[in-house]
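These notes are about the structure you will find just below.
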There are 2 protein chains.
Amino acid sequence: MKTYSISEVAKKLNLTVYTLRYYDKEGLLPFVERNPNGTRLFKESDIDALKIIECLKSTGMPIKGIKTFIDWCSDGDDTLQQRYDMFMERKADVEAQMEELKKTMAVIEHKCLYYKTALEAGTEEIHKSNKISMTQ
Amino acid sequence: MKTYSISEVAKKLNLTVYTLRYYDKEGLLPFVERNPNGTRLFKESDIDALKIIECLKSTGMPIKGIKTFIDWCSDGDDTLQQRYDMFMERKADVEAQMEELKKTMAVIEHKCLYYKTALEAGTEEIHKSNKISMTQ
DNA sequence: TCAAATCATAGAGCTAACTCGAAGTCTAGT
DNA sequence: ACTAGACTTCGAGTTAGCTCTATGATTTGA
C-alpha cells in the first residue's frame, strides 16, 4: 500500500512538517503508523483524516476539541451519538459565522462606498455635512 | 455632550475594560479624550469608531493593521486612497472567507448525514462496505 | 566513503490578543 | 473621616498554535 512521508503530506495539504509533528504530539494523528526506525508512514486514509481535521479547524474548533473527536473515533460505535452531536454543533456554529460575515460585509461595503465618494470629491468633508467622520 | 466611562463602553460593546485599555495602548483609540485627572471620556462617535474597529477585527484583520487604518484616519484626506484600497481588500478577503465557509459547510453537512446513517444503523460499519472509516 | 537530505525527539522560542495584579488616585456616600 | 468602588498605569502572566533549534539516526547518490 502506498504511503507518504511527512514532507510529502505537508506539501499536499499546504502545511509545514512542524505543524504535522505538532498535531501528532497533540494526539491528533494516533492512526499514523511508523516504519521500524520510527519514520511516519502516512496512508491515503490518514491524509483524508487530516482533511477532516483541517475542515474542523476552519470552523474555528480548537485543537483540543478536535482531539476529543479523534479519541471518539478510536473508541468506536459507542461514541457515534457524540460525534453526530459534535458535527451538528459545528454546523450551527458555521451557520452563525456566515450570518456574522454577512453583517460584517454590509458594513465593509458601506465603507467602500463612503470612501469611493470621498475619493471622488477629494475630501472626506463631503460626508461631514451633518454627521461625523469615521462613523459613516 | 454625553460621554461614557470605560466600563459603560465595555458593557455596550460586549468587551472588557482590559480589552479597551489594551486597544488604547496599541494606539487604536487616539481620539478618546480624558478629563483633567486622566479618566477616559468616550463620546458617541468614539463608540461608532469602536464598532468599525470590531468590524475590521471580525474580518480577521490584526490589531496592527487596524492601527494603520486609524493612523490614516488621523492623517486626513491624503490617505483616502489607502483607506479605500484597504476596505476593498477587506471586501475581497471576506468574500474569500465566505467561499471557504461554504466549502467547509458542505463537508460538515456530509458528516452530519454520515453519522445520522451510522447512528440509525447502530454502527459505523454501514459505511465501510467499500470505503474507509473516518474519510466518508 | 562521504556529504547532503530527510527523518526523528525534546524542548525552547515566538506572536497575537488579551488578562490580570499591584499600587495608586479620585469621588460619592455614611 | 473613612470606606467602597471605579478609575489610572505599568508590567507581568496566560493561552493557542505554531515554529524552530539542537542533536542524532538513517538513507541515498557521486
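Letters go in sequence order (proteins before strands), and every chain restarts at 1.
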Quiz prompt | Value in whole Å for how far the P atom of D:dT9 lies from CD of B:Glu26 | solution = 14 Å

Quiz item: Separation of B:Ile53 atom CD1 from C:dA16 atom C1', in whole Å?
Solution: 17 Å

Quiz item: What pairs with B:Glu89 under side-chain contact (heavy atoms from CB on, under 4.5 Å), at least two apart in sequence or on another chain?
Solution: none

Quiz item: For the pair made of OH in A:Tyr23 and C1' in D:dA16, what is the distance, rounded to whole Å?
Solution: 11 Å

Exercise. Applying side chain to side chain donor-acceptor pair (under 3.5 Å), name anything that partners A:Tyr23, two or more places apart in sequence or on another chain.
Key: A:Glu54, A:Lys57

Self-check item: Nearest-angstrom distance from the residue atom NZ of A:Lys67 to P of D:dG17
Solution: 14 Å

Quiz item: Cation over ring, A:Lys25 on A:Tyr22, under 6.0 Å and within 45°?
Solution: no

Quiz prompt | Value in whole Å for how far the P atom of C:dG21 lies from OH of B:Tyr18 | solution = 6 Å

Exercise. Under the side-chain contact (heavy atoms from CB on, under 4.5 Å) rule, collect the residues that match up with A:Leu41, sequence neighbours excluded.
Key: A:Thr3, A:Asn35

Exercise. For B:Leu20, check side-chain contact (heavy atoms from CB on, under 4.5 Å) against everything at least two apart and list the hits.
Key: B:Ile6, B:Val9, B:Ala10, B:Leu15, B:Leu50

Exercise. Quick one: list whatever passes side-chain contact (heavy atoms from CB on, under 4.5 Å) with A:Asp93, sequence neighbours left out.
Key: A:Arg90, A:Gln97

Quiz item: Within this structure, what is the CD-to-C1' distance between B:Glu54 and C:dC18, rounded to whole angstrom?
Solution: 12 Å

Quiz item: If only side-chain N and O atoms of B:Lys57 are considered, is one of them under 4.0 Å from the OP1 or OP2 phosphate oxygen of C:dA16?
Solution: no

Self-check item: Protein-to-nucleotide contact annotation, 5' to 3' order, nucleotides 7-14 of chain C [B base; S sugar-phosphate only; - none; under 4.0 Å, heavy atom]
Solution: SSB-B---

Exercise. Using whole Å, report how far CE of B:Met61 lies from P of C:dA16.
Key: 14 Å

Quiz item: Starting at CD1 of B:Ile63 and ending at P of C:dT19, how long is that distance when rounded to a whole Å?
Solution: 11 Å

Quiz prompt | From D:dG17, C:dT19, D:dA16, nucleotide with atom closest to A:Tyr22 side chain | solution = D:dG17

